[in-house]
Number of protein chains: 2
Amino acid sequence: MRIGEVASAAGVSTRALRYYEQQQLIASSRSTGGQRLYTPDTVERVRWIQLLYAAGLSSRTIVEFLPCVHTGIAGLEMIARLRAERDRLDDHMRDLAATRARLDSVLAAAEFGATRPAGEAAGV
Amino acid sequence: MRIGEVASAAGVSTRALRYYEQQQLIASSRSTGGQRLYTPDTVERVRWIQLLYAAGLSSRTIVEFLPCVHTGIAGLEMIARLRAERDRLDDHMRDLAATRARLDSVLAAAEFGATRPAGEAAGV
DNA sequence: CTTGCCTTTGACGTTAACGTCAACTTTTAC
DNA sequence: GTAAAAGTTGACGTTAACGTCAAAGGCAAG
């Protein structure tokens with residue numbers, strides 16, 4: 001596949017794909033004319049990259065994880081790193097849930113206020 | 001309170017507080033000598049700011065939300081914006097949960113591999 | 001009144017993940 | 001065979017939320 005195909009299949013820009021290659025996140029062969037050629041599984045790989053980015057991992061971390069993600073093989077240290085990242089994700093999700101709850105109670109108060117006509121507050 | 005007190009009480013840098021003021025997120029009065037003075041509730045406000053930042057809101061959005069967060073009063077449009085942000089948060093949390101699950105299954109495979117001695121794979 | 005810590009403004013530095021030209025070369029479609 | 005579409009490298013631009021000096025003034029203690 002050429003770069004445009006992969007880009008639209010994975011929902012990213014071609015610029016992003018070149019950037020990923022520069023960061024060693026993906027690889028490509030070249031056509032005789034020098035154009036990048038990708039294997040189809042690159043699309044899945046790019047989707048993984050997007051997921052991990054969205055989860056707050058840096059490209060440096062992702063480049064360490066990707067081989068393990070595909071092979072399921074990891075040394076003890078890598079397993080520890082994976083656990084650490086998973087736990088960080090858990091913490092972050094807890095924080096988000098708490099924030100969401102607080103936001104929701106603000107919303108509830110605001111909605112309540114909005115359903116009352118203007119002078120109804122002082123025990124009318 | 002002076003800036004250093006607020007900073008350590010809220011767990012942020014003094015630089016951050018000056019930045020927040022510049023972004024209209026917080027306000028301060030001044031001493032005769034020109035130093036910033038804050039009311040104690042600024043600490044809570046800063047904690048809110050941190051929460052919302054961590055939830056992915058921009059300072060521009062936060063500056064819109066904060067009055068409503070404190071008063072519980074919001075117009076219909078503001079309520080819609082609050083709902084939209086809450087829903088975005090929900091989506092994000094769903095994505096994170098999915099990513100976490102995938103990461104976890106990778107981890108399970110890696111842990112399984114790590115508990116097996118080196119030649120045990122091929123049906124020994 | 002001086003020592004030493006805190007604060008002020010101003011301004012440049014940082015980092016990540018791309019966006020966006022520019023000037024060309026390859027491929028593709030007709 | 002010739003446009004038009006797609007791709008290439010190179011390099012500067014962008015954005016957010018601060019970090020990090022620098023030079024100078026404020027403030028409580030002894």
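Chain letters run A, B, ... following the sequence lines, proteins first and then strands; every chain starts at 1. Side-chain atoms are counted along with the backbone in the values below, which use heavy atoms only and exclude waters and symmetry mates.
At distances below 3.5 Å, at least one donor-acceptor pair connects side-chain atoms of B:Thr99 with backbone N or O atoms of B:Asp95.
Checking B:Asp91, B:Asp87, B:Asp90 one by one against A:Arg100, the salt bridge (charged side-chain N to carboxylate O under 4.0 Å, His left out) holds for a single residue, B:Asp90.
Close to D:dC18, at under 4.0 Å from its OP1 or OP2, lies no side-chain N or O of B:Tyr19. Phosphate proximity of D:dA16 to B:Ser58: absent, as no side-chain N or O sits under 4.0 Å from OP1 or OP2.
The pair B:Arg88-B:Glu85 meets the salt-bridge criterion, with a side-chain N (NZ, NE, NH1 or NH2) lying under 4.0 Å from an Asp/Glu carboxylate O. Ion pairing between A:Glu44 and A:Arg47 holds under the 4.0 Å rule for side-chain N and carboxylate O.
Taking for each of B:Ser59 and A:Leu37 the nucleotide of DNA chain D with the nearest heavy atom, the 5'-most of the two is the partner of A:Leu37. With DNA chain C read from its 5' end, the first of the two nearest nucleotides for A:Gln35 and A:Leu17 is the one closest to A:Leu17. Annotation: of the two residues near DNA chain D, A:Ile3 and B:Leu57, the 5′-most nearest-nucleotide partner is A:Ile3.
Separating the CD atom of A:Gln50 from the C1' atom of C:dC18 is a distance of 11 Å, rounded to the nearest angstrom. Regarding A:Arg2, its CZ atom lies at a distance of 12 Å from the C1' atom of C:dA29, rounded to whole Å. Computed from coordinates, the A:Glu5 CD to C:dT27 P distance equals 14 Å when rounded to whole Å. Rounded to an integer number of Å, the gap from A:Ile26 CD1 to C:dC18 C1' is 13 Å. As a whole-Å value, the separation of B:Glu21 CD from C:dT8 P is 9 Å. Here the P atom of nucleotide D:dA17 and the OH atom of B:Tyr20 are 8 Å apart, to the nearest Å. Taking atom CZ of residue B:Arg36 and atom P of nucleotide D:dG26, one finds them 15 Å apart after rounding to whole Å.
Among the atoms of the strands shown, only primed sugar atoms or phosphate atoms (P, OP1, OP2) are found under 4.0 Å from some heavy atom of B:Arg30. Among the protein residues, B:Thr14 comes within range of no part of the nucleic acid, since none of its heavy atoms lies under 4.0 Å from any strand. Residue contacts shown for A:Arg18 include a base, since a base heavy atom lies under 4.0 Å away.
Of the candidate nucleotides C:dA11, C:dT27, C:dT20, C:dT27 has the atom nearest to the side chain of A:Thr32. When distances are taken from the side chain of A:Arg15 to each of C:dC18, C:dA17, C:dT9, the shortest belongs to C:dC18. In this structure, of D:dC27, D:dA16, D:dG19, it is D:dG19 that holds the atom nearest to the side chain of B:Ser13.
The side-chain heavy atoms of A:Gln50 and A:Tyr53, taken from C-beta on, include a pair separated by under 4.5 Å.
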